[in-house]
S.K.: 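Before anything else, here's the structure in question.
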Amino acid sequence: MRFVNDNNALVCYLNGEMIRIESWGKDSLRIRSTMLGEFTNNEWALTEAPDVTSADIKVELEDHWVGDGTIDKKEIATITNGRIKAVVNFAGIITLYRDDKKFLREYFRMYDGTLSRESRCLKIVGREWKGVIGGTEYSLKLKFESNDGEKIFGMGQYQQPYMDLKGCCLELCQRNSQISVPFAVSSLGYGMLWNNPAVGQVTFGKNYTEWVAKSTRDMDYWVTVADSPKGIVENYTSVTGRAPMFPEDRMGLWQCKLRYRTQDEVLSIARKYKEEGIKIDQIVIDFFHWTYQGDWKFDTTYWPDPKAMVDELHEMGIKVIVSVWPSVDRRSENFEPMMEQGLLIRTERGAAQTYDYQGDCVEIDVFNPKTRQYVWDVCKKNYYDFGIDAFWLDNSEPDYGVYDFDNYRYIAGPAMVVSNMYPQMYSRVFYDEMAKLGKPVVNLLRCAWAGSQKYGNVVWSGDVPSTFEAFRDQLQCGLNMGLAGIPWWTTDIGGFMTDDVEDPNFRQLLIRWYQFAVYSAVLRMHGDRGPYNIPPLDDRDFGGGYLKTGYPNELWSYGEDNYKIMKKYYDIRIEMHDYIKSLYEEASKNGSPLIRAMFYEFPEDKKCWDLSDQYMFGSKYLVAPIFNLNQFEREVYLPEGSWKLTSTGEVFEGGCVVKVDAPIEYSPVFERV
């Protein structure tokens with residue numbers, strides 16, 4: 001092993017591998033490695049200039065017992081940045097310390113000529129590089145020793161009941177309702193960003209932790225330490241970016257359904273809300289308002305005057321958001337010019353097709369700056385210039401017909417190497433251009449990656465079922481998304497897929513979900529409401545008239561009793577406006593999410609690290625959703641302090657579990673007093 005101090009970075013050379021460790025922000029280190037002689041120097045998620053930090057680098061001799069019982073001297077190198085330290089020994093093994101206490105050590109089971117624990121004959125190294133046959137990339141496995149008793153959170157959104165990810169194996173790829181944001185927060189006081197958009201997986205095993213990139217050129221990860229999860233997230237967002245300030249005029253109700261089919265229908269809904277005295281901040285125009293996928297324009301048969309529609313909505317104080325998909329149908333007017341210019345995703349084998357819903361489609365290559373400009377120019381002309389305020393960037397994973405990542409290629413390289421970054425680049429088709437125009441950018445996406453928070457992304461949890469089980473999963477999804485740096489997160493109220501809107505069990509679920517959503521970042525009505533027996537508007541096989549629509553999904557659509565409950569909770573949302581504004585300000589200032597795991601606010605309370613069925617809405621409100629059908633009471637853990645039950649005004653002293661009533665009209669919420 002050869003060690004070099006390269007401009008305040010520790011560089012290590014061993015057996016063709018080059019390792020570079022450097023300070024990167026407060027109490028943080030960036031650690032890279034390559035077998036190719038030089039780094040790609042991609043920033044990936046680390047886009048923000050880190051605080052000025054200087055590293056202390058030392059190369060020293062250390063005693064090692066060898067097989068014959070004698071002592072040998074071996075070089076080790078140390079790099080320290082504030083409270084974090086990395087030590088690289090003579091065999092290239094990296095160990096990380098927080099305040100001189102070890103928290104991560106590479107897993108190593110290779111005979112190294114000493115009597116250390118790692119002197120085994122398994123021939124397992126911490127960093128395993130294997131060349132991808134026929135390419136210049138490598139597959140990479142990075143292993144760490146596991147820490148007993150550790151809890152791990154963050155990592156984005158996975159549709160499962162487990163909030164603590166210790167013991168979980170997570171696929172590092174994007175799918176509908178699965179969002180890979182590879183930043184982990186540990187109960188041991190550190191956070192780790194896997195700064196690599198390659199398709200792979202991570203296993204937080206009991207015996208070891210393993211990160212896998214199936215095809216990459218660099219190993220690249222960033223580690224930080226702090227006293228609390230809040231400090232960890234603050235350090236992380238200081239180098240990956242923070243959400244801009246959320247505009248006040250979109251902190252209320254967003255109205256949506258699958259799908260408003262005509263201009264008149266949108267206007268009639270908006271007028272009805274006005275008559276009811278309910279201010280909606282934004283109305284959403286869903287998919288197939290267009291002619292063909294990839295035309296990115298209104299079907300004038302059913303949307304004859306979009307500008308007049310937008311003007312009337314604006315007069316009512318309502319913003320307008322319109323759905324845009326990345327898929328381009330072969331019948332679209334944009335298909336041939338985009339294909340000729342190389343602006344679409346390429347397939348490595350077989351036909352040029354990446355998506356097959358309602359058409360033979362190829363999706364756009366958002367890594368290509370020419371693609372981003374082309375799509376923006378079309379959408380500006382056909383939407384933005386009419387006054388459309390925001391874009392719903394659906395299918396933003398992208399939603400492949402088959403998730404065979406080894407069959408797709410972007411201008412930036414094989415999908416296996418960069419595909420996890422697709423949703424972030426898709427958002428930048430719109431964010432980069434809209435930001436130049438000086439207005440707040442708030443676009444809705446179904447997927448994200450590390451750093452997406454800085455591009456005006458409201459991320460929702462995808463097309464999840466309308467079940468209490470799915471509802472329960474969404475809470476841990478949102479809490480872990482927040483810990484991964486994504487503060488603007490939301491769901492489809494009531495879930496996306498409903499077979500029967502008349503089902504009283506569904507209506508109970510809808511109310512419980514709505515009560516939860518009031519205490520979340522974005523209050524958004526959406527869903528596909530069956531049964532699917534509403535006839536199409538015409539018999540064409542394209543355009544805005546032929547595709548299905550669901551049943552009504554407005555607040556008044558589910559009976560008078562439910563309407564009263566939803567209206568009451570709407571009023572609660574409006575009354576919290578100033579408080580919600582303060583939470584958005586905090587997210588912009590230090591990265592804190594709006595919905596927070598209990599341990600985020602109470603890191604010293606060990607009980608809070610085990611709770612996943614209640615949460616904090618900011619620092620003031622403790623929210624305990626109802627996750628079961630016909631459940632009308634529940635137990636809630638209250639941390640130390642005084643807590644007022646908002647339904648009755650009764651004050652409880654914390655440090656214990658209390659049981660409270662939860663009639664359908666009320667979901668338990670406690671105010672910190």
Side-chain angles (χ1 to χ4, degrees), residues 32-48 131-132 134-140 156 172-175 179-182 193-200 212-222 240-241 325-328 338-349 352-355 361-376 393 395-400 403-433 445 447-452 454-455 457:
R32 288 181 286 171
S33 173
T34 185
M35 298 293 290
L36 295 172
E38 61 182 9
F39 295 106
T40 59
N41 291 320
N42 287 308
E43 296 173 331
W44 301 133
L46 296 173
T47 56
E48 307 304 295
V132 176
T136 58
E137 290 81 16
Y138 284 79
S139 67
L140 169 65
L172 299 179
C173 78
Q174 315 291 19
R175 297 175 183 262
I179 304 174
S180 175
V181 186
L193 167 68
W194 182 247
N195 190 36
N196 190 327
V199 173
V212 176
K214 293 185 177 180
S215 185
T216 191
R217 295 189 171 200
D218 294 346
M219 178 190 80
D220 190 347
Y221 66 93
W222 176 91
T240 59
W325 284 14
S327 44
V328 185
M338 294 193 77
M339 179 64 82
E340 289 175 1
Q341 296 176 55
L343 307 184
L344 304 175
I345 296 172
R346 296 180 180 273
T347 54
E348 301 281 40
R349 56 192 177 273
Q353 185 193 75
T354 65
Y355 192 62
C361 302
V362 184
E363 286 150 314
I364 62 176
D365 180 358
V366 294
F367 292 92
N368 190 334
K370 293 181 180 178
T371 302
R372 297 198 297 272
Q373 191 63 57
Y374 185 103
V375 174
W376 169 250
L393 307 180
N395 291 18
S396 49
E397 300 80 22
D399 188 0
Y400 283 120
Y403 288 105
D404 285 340
F405 294 102
D406 63 346
N407 192 37
Y408 308 121
R409 180 175 289 269
Y410 312 112
I411 196 172
M416 294 290 287
V417 177
V418 296
S419 195
N420 285 337
M421 202 171 175
Y422 188 100
Q424 185 192 106
M425 298 305 297
Y426 183 30
S427 75
R428 293 184 61 185
V429 173
F430 296 84
Y431 176 85
D432 289 350
E433 296 298 328
L445 283 94
C447 201
W449 193 64
S452 284
K454 67 180 286 188
Y455 299 110
N457 292 181

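Just the heavy atoms: all of them, side chains too, but no hydrogens, waters or symmetry mates, feed the values below.
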S.K.: Distance check, rounded to the nearest 0.5 Å: Y408 atom OH versus T347 atom OG1?
M.R.: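 Taking OH in Y408 and OG1 in T347, the distance rounds to 8.5 Å.
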S.K.: Can you list the steps and then say if M338 with V375 is a side chain to side chain contact (heavy atoms under 4.5 Å, CB included)?
M.R.: CA-CA 10 Å; M338 294 193 77; V375 174; 4.0 Å; yes
S.K.: Judged by atom type as modelled, is there a donor-acceptor pair below 3.5 Å linking the side chain of N196 to the main-chain atoms of A198?
M.R.: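 Yes, because the side chain of N196 sits within donor-acceptor range (under 3.5 Å) of the backbone of A198.
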S.K.: Please name the pair of heavy atoms, one in T47 and one in T240, separated by the smallest distance, quoted to 0.1 Å.
M.R.: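 Looking at all heavy atoms of both residues, the closest pair is OG1-O, 3.6 Å.
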S.K.: Taking all non-hydrogen atoms of both residues into account, name the closest pair between F405 and A415 and its distance.
M.R.: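 Looking at all heavy atoms of both residues, the closest pair is O-CB, 3.4 Å.
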S.K.: Between the side chains of R217 and T34, does any donor sit under 3.5 Å from an acceptor?
M.R.: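 On atom types as modelled, these side chains do not qualify, holding no pair under 3.5 Å.
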S.K.: Tell me every residue that passes salt bridge (Lys or Arg N to Asp or Glu O under 4.0 Å) with R428, counting only those two or more places apart in sequence or in another chain.
M.R.: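 So R428 forms a salt bridge (Lys or Arg N to Asp or Glu O under 4.0 Å) with D432.
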S.K.: Between atom CG of L140 and atom OG1 of T216, what is the distance when rounded to the nearest 0.5 Å?
M.R.: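 Taking CG in L140 and OG1 in T216, the distance rounds to 7.0 Å.
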S.K.: Rounded to the nearest 0.5 Å, how far does CD1 of I345 lie from OH of Y410?
M.R.: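 So the OH of Y410 and the CD1 of I345 are separated by 4.5 Å.
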S.K.: Checking side chain to side chain contact (heavy atoms under 4.5 Å, CB included) for the pair T354/V362: CA distance, chi angles, key distance, verdict?
M.R.: CA-CA 5 Å; T354 65; V362 184; 4.2 Å; yes
S.K.: Inspect the surroundings of CZ in R346 and state if more than 12 heavy atoms from other residues, nucleotides or ligands are less than 6.0 Å away.
M.R.: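 No - once you tally the heavy atoms of other residues, nucleotides and ligands closer than 6.0 Å, there are 12 at most.
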S.K.: If you compare all heavy atoms of A450 against all heavy atoms of Q424, which two are closest, and at what distance to 0.1 Å?
M.R.: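 Between these two residues, the closest heavy atoms are O-NE2, 2.8 Å.
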S.K.: Enter the distance from L46:CG to D220:CG here, rounded to the nearest 0.5 Å.
M.R.: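 Taking CG in L46 and CG in D220, the distance rounds to 6.5 Å.
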S.K.: Would you name the heavy atoms of P423 and Q174 that are closest together and state the gap between them?
M.R.: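 That would be CG-NE2, 3.9 Å.
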S.K.: Taking the side chain as everything from C-beta on, heavy atoms only, tell me whether P414 gets closer than 4.5 Å to D406.
M.R.: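 SC-SC contact between P414 and D406 ruled out.
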S.K.: Looking at A352 and M339, what are the two nearest heavy atoms and their distance?
M.R.: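 Taking every non-hydrogen atom into account, CB-CE, 4.3 Å.
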S.K.: To the nearest 0.5 angstrom, please state how far the CE atom of M425 sits from the OG1 atom of T371.
M.R.: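 Interatomic distance, M425 CE to T371 OG1, rounded to 0.5 Å: 10.0 Å.
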S.K.: Report yes or no: do D399 and Y403 form a side-chain donor-acceptor pair below 3.5 Å?
M.R.: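 There is such a pair (donor and acceptor under 3.5 Å, judged by atom type) between the side chains of D399 and Y403.
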S.K.: Any side-chain heavy atom of K370 sitting closer than 4.5 Å to one from L343?
M.R.: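 Heavy-atom side-chain distance check passes, below 4.5 Å.
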S.K.: Below 30° counts as parallel, above 60° as perpendicular, anything between as tilted: where do the rings of Y426 and F430 land?
M.R.: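 Geometry flag for F430 against Y426: perpendicular rings.
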S.K.: For E43, enumerate each residue passing the salt bridge (Lys or Arg N to Asp or Glu O under 4.0 Å) test, keeping only those at least two apart in sequence or located in another chain.
M.R.: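 E43: no salt bridge (Lys or Arg N to Asp or Glu O under 4.0 Å) contacts found.
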S.K.: Using side-chain heavy atoms (C-beta onward) and a distance below 4.5 Å, is L36 in contact with Y138?
M.R.: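 In contact.
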S.K.: Starting from the C-alpha separation in whole Å, work towards a yes-or-no answer on side chain to side chain contact (heavy atoms under 4.5 Å, CB included) for Y422 and I364.
M.R.: CA-CA 10 Å; Y422 188 100; I364 62 176; 3.6 Å; yes
S.K.: Do the side-chain N and O atoms of Y400 and N407 include a donor-acceptor pair separated by under 3.5 angstrom?
M.R.: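 No pair is found: no donor N or O on one side chain lies under 3.5 Å from an acceptor on the other.
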S.K.: Look up atom NZ in K214 and atom CD in E137, then write down how far apart they are to the nearest 0.5 Å.
M.R.: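 Output value for this atom pair is 15.0 Å.
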S.K.: Determine, step by step, whether D365 and L344 satisfy the side chain to side chain contact (heavy atoms under 4.5 Å, CB included) criterion, reporting the C-alpha distance in whole Å, the side-chain angles of both residues, the deciding distance to 0.1 Å, and the verdict.
M.R.: CA-CA 5 Å; D365 180 358; L344 304 175; 5.8 Å; no
S.K.: Sequence neighbours left out, what passes salt bridge (Lys or Arg N to Asp or Glu O under 4.0 Å) with K454? Give chain and number order.
M.R.: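 So K454 forms a salt bridge (Lys or Arg N to Asp or Glu O under 4.0 Å) with E48.
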S.K.: With distance as the sole criterion, is a donor-acceptor pair present between the side chains of D218 and T40 under 3.5 Å?
M.R.: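 Side chains of D218 and T40: pair found under 3.5 Å.
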S.K.: V199 and S419: which non-hydrogen atoms are nearest, and at how many Å?
M.R.: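 Heavy atoms of V199 and S419 come nearest at CG2-CB, 4.2 Å.
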S.K.: Can you tell if the side chain of P398 reaches within under 4.5 Å of the side chain of Y355, non-hydrogen atoms only?
M.R.: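 No; the side chains remain at least 4.5 Å from each other.
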